[in-house]
Structure formats: C-alpha cells, structure tokens
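Numbers here simply count residues along the sequence, with the first being 1.
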Amino acid sequence: MSKARQLAQKPTQPTGRKNLIINGAMNVAQRSDEVTGITSGSGTTAYRTVDRIRFEPGSLGTWTVSQETDAPAGFSNSFKVLCTVADASPSANDYLLLAHTKLEAQNLGHLEFGTSGAKDLTLSFWVKSNKTGNASVNLLNAGTTRTTHPQYTINAADTWEYKTITVSGDTAQSLSGGLEVLFWGNSGSTFTGGSHRTTFGTRVNADRNVSNLGVGGAINDYWQITGLQLEAGSVATEFEHRSFGEELALCQRYFRTSKASAAYNYILPAMSVESSNTGHVAYDYRGMRTSPTVTSSGGIQGENAGGTLTFTGAALVGSNFMRVSFSLGTASTGGTVTHIRDSGSGNAKFEFNSEL
C-alpha cells in the first residue's frame, strides 16, 4: 500500500485527547487533601479536596472526604468519602451525590449530540467500597433536563473493581449547556422506584437512583473512585494518563490557590502601595475560564520597611490584577513596596474561583 493511501485512511483507534474528564486520576487537590465534618450546607462550595470533583451530602449524614494514596495498580491516588455520622433512614428528598462537573460545551462538539450522527459515550472507572450491590450513575445534559440512568455493580467489598458503562448518543438535543457525570451513593424514596435507562430522555426523579447502594446507612461506610474516563464510542479503552503539570493546568482554568507552606511564607508577589491604605498585586488570571472571585483565609499580613501591616481584604481589578486592601496607617506611604505573607499561622491563602 502506498504511503499516500495509508495517510488517507481513517484511523480506527482514538487519536489525540480522548478522555473528556479532567483530573480523572485524582492526582490534583489544590484545596486540601482532607476535609472533615461535612454536612448538607456546611461551607459555601461542594468542591472540597480533589479538583473537579463535587461532593453533595443533601441532608444525609456527616462525612470526611479525602485524596488517598490507596489506588489500583497503575494509579497513585483516589478520592474517598467516609461516613462519620450515619443516616439509616433517609427522608424522601435526602441524597448523597458525587459529581464530576462540568464538562464545557465547547469541548463536546465532536460528540455531535442533537444530530443523527450523535456518538455513544463510554464511562469507565475503578471503584471500591465496603458496600456491595447495584449502584446508579447519571449522565446529565446540563443545559436541559435530559439524562441517562444506567447502573453498575460492586461485587466484592473492600476491593478495587473496574467498571464500564456505555450510553447512546442523544440525537434530539445538543450539549449546549455542558455535561455532568453524577454518581449516587444513597437517597430517599423521591429518587428511587423508577427504571434504568441507557438512552437520553427527560429526567424523572424516581429514575435517578433506582439502584440505591446505601452508602452512609452506617458509620464507616465509604466509597472510593479513580481512573475516571469518559470517551466517545461504545468501547472502553485504556485510561489516558496525563502529566501532573498538564492536569494541574487544566484544573487551574477553574480554580487556583496561592497559599503558605510554612509560617511567614510570602504568598503573593510584592504589592506596590497606591495610597495610604490600598495597593495592587500583579496576579495574572487570564488563563481562567472567566473572571474569578477571590477569597482569603488564615492569618495574612503585610510587611515593609515601616513595619507590619494589617490585612483587611482583597478584590479583583482590571483584566490582569487583583487589588489587595490593607490598613497601613502610618507604617507606609504611597509608592512603597509591601510584601504579603503568612502572619505566623502557616495556613494563609488566597483562592481564585471560576468553577462552573
């Protein structure tokens, strides 16, 4: 066969980036490697440890979530939810969800949803739990109420098992709002009693958690996942490993943090004082999905030749900068340089958030 003809042939194996999931190996955890005491409504965000993984205990139990080094062969990390206060009899509207959210629509055009050429999707992952039995997954067209409700089975307790699920492409509706992957751990009766479906259709609550695994019915119930991959086609292929640097950059489109690793560490570039109480720090966030919100926590202070300065808040300004506000008093004047550092606690940080 001539070289020209070889090049003209359509590839039969996936080429380029095939895994639509970001951080599917659970390697990046910018916020924390463990958070305890999580209940419905605790904190302001469901993103807590591993990047791009959202945990939602809707009035069902109390939980610890963590990035773990316990993982199947070929992986270094996993994401774990552990029940510390059980709910043996969930109310009708209670639920426990773990989601990878959200896959942006601009990255999904090749799936051709909403056309006659809509491609099937295959989800694959490694899972481990003390619970055995059938469990539910939803793939949700985030711009609509259209979803699928397939199931998988955990056969052996406390054992890493590999699972694959294939659903049909949706010829009726595009993915203009993005796509979410939702794993159900437990729920009340509102979300059970229906039927499974591997085709997209109008969401019915009773279909969402037909196979209720029941995680959280007892203290020390747990559920872990890694190797999460979503790809076009009806066959699960080998997990696409990316370098840590590449995965981190993909995660930082949605969230970044600048934090101290020890007491009195500098946590941002030096600030140029604008007046007696404000100044600018050049912190470039142009690679993020949209202009982020900025929050701060821990002990933060300013430091310059005039002494120690009290931090009072931070906000974004312009296209490339964040404005950092200090109460400088007589310790500084306009035009001076101030360093922004941890005040001695070792836990000072700024967070920049543009999550979907």
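With sequence neighbours left out, the side-chain hydrogen bond (donor to acceptor under 3.5 Å, both in side chains) criterion links Glu238 to no other residue. Every residue two or more places apart in sequence or in another chain was checked for a salt bridge (Lys or Arg N to Asp or Glu O under 4.0 Å) with Arg256, and none qualifies. Applying the side-chain hydrogen bond (donor to acceptor under 3.5 Å, both in side chains) rule to Ser124 yields no partners; only residues at least two apart in sequence or on another chain are considered. Shown here are the side-chain hydrogen bond (donor to acceptor under 3.5 Å, both in side chains) partners of Gln151, two or more places apart in sequence or in another chain: His196, Ser211.
Val28 belongs to a hydrophobic cluster with Phe244, Leu248, counting contacts under 4.5 Å between side-chain heavy atoms of Ile, Leu, Val, Met, Phe, Trp and Tyr, direct or through other members. Hydrophobic cluster of Val204: no remaining members, since no ILVMFWY side chain lies below 4.5 Å from it. The hydrophobic cluster containing Tyr162 also includes Phe75, Trp126, Trp160, Phe239, under a criterion of side-chain heavy atoms closer than 4.5 Å among ILVMFWY residues, counted directly or through chains of members. Cluster partners of Leu82, using a side-chain heavy-atom cutoff of under 4.5 Å among ILVMFWY residues and allowing indirect links, are Tyr222.
Rounded to the nearest 0.5 Å, atoms CG (Leu96) and CG (Leu213) are 9.5 Å apart. Put simply, OG1 on Thr122 and CD on Glu231 are 6.0 Å apart, with the number rounded to the nearest 0.5 Å. Separation of atoms CG (Asn304) and CG (Leu309) is listed at 4.5 Å; rounding is to 0.5 Å. Atom OG of Ser187 and atom CG of Asn212 lie 4.5 Å apart (nearest 0.5 Å). In this structure, Glu68 CD and Glu34 CD are separated by 7.5 Å, a value rounded to the nearest 0.5 Å. Between Ser66 atom OG and Arg48 atom CZ the span is 13.0 Å, to the nearest 0.5 Å.
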Run the side-chain contact (heavy atoms from CB on, under 4.5 Å) check on Ile300 and Phe350 step by step: do they pass? CA-CA 9 Å; Ile300 301 172; Phe350 289 93; 3.9 Å; yes

Could you go step by step and tell me if Thr147 and Leu140 meet the side-chain contact (heavy atoms from CB on, under 4.5 Å) rule? CA-CA 4 Å; Thr147 186; Leu140 172 66; 4.0 Å; yes

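Panel note: side chain Gln67, backbone Asn77; no donor-acceptor pair is recorded below 3.5 Å. Side chain of Ser78 to backbone of Asp70: a donor-acceptor contact under 3.5 angstrom is found. In this structure a side-chain-to-backbone donor-acceptor pair under 3.5 Å is missing from Asp342 to Asn265. Proximity of a side-chain donor or acceptor of Asn23 to a complementary backbone N or O of Asp51 within less than 3.5 Å is detected. Proximity of a side-chain donor or acceptor of Ser174 to a complementary backbone N or O of Glu112 within less than 3.5 Å is not detected. Between the Asn353 side chain and the Pro292 main chain, no donor and acceptor come within less than 3.5 Å of each other. Here the side chain of Glu161 pairs a donor or acceptor atom with the backbone of Asn155 at under 3.5 angstrom. In terms of modelled atom types and a separation under 3.5 Å, the side chain of Thr190 and the main chain of Ala92 share a donor-acceptor contact. In this structure a side-chain-to-backbone donor-acceptor pair under 3.5 Å is missing from Asn138 to His149.
Criterion: ILVMFWY side-chain heavy atoms under 4.5 Å apart, direct or through other members. Under it, Ile154 and Phe79 are part of a common hydrophobic cluster.
The stretch residues 246-273 participates, sequence neighbours left out, in these ring pair (Phe, Tyr, Trp, His ring centres under 6.0 Å) pairs: Tyr266-His339. Screening residues 284-294 for side chain to side chain donor-acceptor pair (under 3.5 Å), with sequence neighbours left out, gives Asp284-Arg286, Arg286-Asn320. Sorted by first then second residue, the salt bridge (Lys or Arg N to Asp or Glu O under 4.0 Å) pairs that include residues 179-196, not counting sequence neighbours, are Arg54-Glu180. Within the structure, ring pair (Phe, Tyr, Trp, His ring centres under 6.0 Å) contacts touching residues 83-119 (residues at least two apart or in different chains) are Phe113-Phe200.
Salt bridge absent: Glu240 and Lys18 never bring a charged side-chain N and a carboxylate O closer than 4.0 Å.
In the model, Ser325 has a side-chain atom that pairs as donor or acceptor with a side-chain atom of Thr312 under 3.5 Å.
The aromatic rings of Phe183 and Trp223 sit tilted relative to each other, their planes meeting at an angle between 30° and 60°. Between Trp63 and Phe55, the two ring planes are perpendicular [angle over 60°; tilted spans 30° to 60°].
Phe125 has its ring centre less than 6.0 Å from the ring centre of Tyr152.
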